[in-house]
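Everything on this sheet refers to the single structure shown next.
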Amino acid sequence: MTMDRRKFTAVAGASAMALAWAQACTEVAETGEVSTATANTLLDHQGPRGIYEDAAELERLKAAIANMVNVQQTLREFPLDPDEPPLLVFWRG
């Protein structure tokens, strides 16, 4: 596979976004909240900051990110019964 500029940018952007999300998860685990710098990094990877230039809106976003990290952790820790059949089965025709 050859790597052109567009593919490289997509891979690099996804890697940076994953690192920023991992940083947010670490911050929530350690302090219970997300720092302004991490929230701004996540915003910058998605485009213009828009309404989040306002400090009150940025605080709401930081709380939402912390909540999403907690939801993600809860879903990952949810116990699954290994004998439970899947809801969907894909068959090759």
Side-chain angles (χ1 to χ4, degrees):
M1 175 177 107
T2 60
M3 181 73 70
D4 61 8
R5 293 172 102 184
R6 184 171 285 169
K7 289 178 187 176
F8 177 78
T9 302
V11 170
S15 297
M17 188 69 161
L19 287 173
W21 184 255
Q23 178 65 29
C25 293
T26 301
E27 290 176 3
V28 170
E30 292 176 355
T31 65
E33 60 183 20
V34 178
S35 70
T36 301
T38 302
N40 283 333
T41 301
L42 289 167
L43 278 173
D44 290 342
H45 277 79
Q46 294 183 4
R49 293 183 186 175
I51 65 169
Y52 299 110
E53 292 288 344
D54 179 29
E57 291 298 325
L58 183 61
E59 288 302 316
R60 288 183 61 220
L61 176 66
K62 287 170 45 178
I65 293 170
N67 182 52
M68 193 65 214
V69 169
N70 290 327
V71 167
Q72 175 186 359
Q73 188 64 32
T74 301
L75 289 173
R76 287 185 173 178
E77 293 173 352
F78 187 79
L80 294 174
D81 182 9
D83 295 329
E84 183 71 27
L87 291 176
L88 295 173
V89 178
F90 296 98
W91 299 95
R92 287 186 87 168

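Because only heavy atoms are used, hydrogens play no part in the values below, and waters and symmetry mates are left out as well, while side chains stay in.
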* Pairs flagged by salt bridge (charged side-chain N to carboxylate O under 4.0 Å, His left out) wherever residues 32-45 is involved - sequence neighbours left out -> Asp44-Arg49
Tell me which donor-acceptor pairs under 3.5 Å the side chains of residues 18-26 have, and how far apart each pair is, sequence neighbours excluded?
unit_1: Trp21; atom_1: NE1; unit_2: Gln72; atom_2: OE1; d: 2.7
unit_1: Gln23; atom_1: NE2; unit_2: Glu27; atom_2: OE2; d: 3.0
unit_1: Thr26; atom_1: OG1; unit_2: Ala22; atom_2: O; d: 3.0

* Remaining members of the apolar cluster that contains Leu80, side-chain heavy atoms under 4.5 Å -> Phe78
* Pairwise side-chain hydrogen bond (donor to acceptor under 3.5 Å, both in side chains) hits with a residue in residues 77-91, at least two apart -> Gln73-Glu77
* Sort and list the pairs that fulfil side-chain hydrogen bond (donor to acceptor under 3.5 Å, both in side chains) and have at least one residue in residues 60-70, not counting sequence neighbours. => Thr36-Lys62, Glu57-Arg60, Glu59-Lys62
* **Exercise: identify the closest heavy-atom pair between Gly32 and Ala66** => O-CB, 4.2 Å
* Is it the case that Thr41 and Thr38 place a side-chain donor and acceptor less than 3.5 Å from each other? -> no
* Do Val34 and Leu61 have side chains that get closer than 4.5 Å, going by heavy atoms? -> no
* Asked: Considering only heavy atoms from C-beta outward, does the side chain of Leu58 approach that of Asn40 to under 4.5 Å?
  -> yes
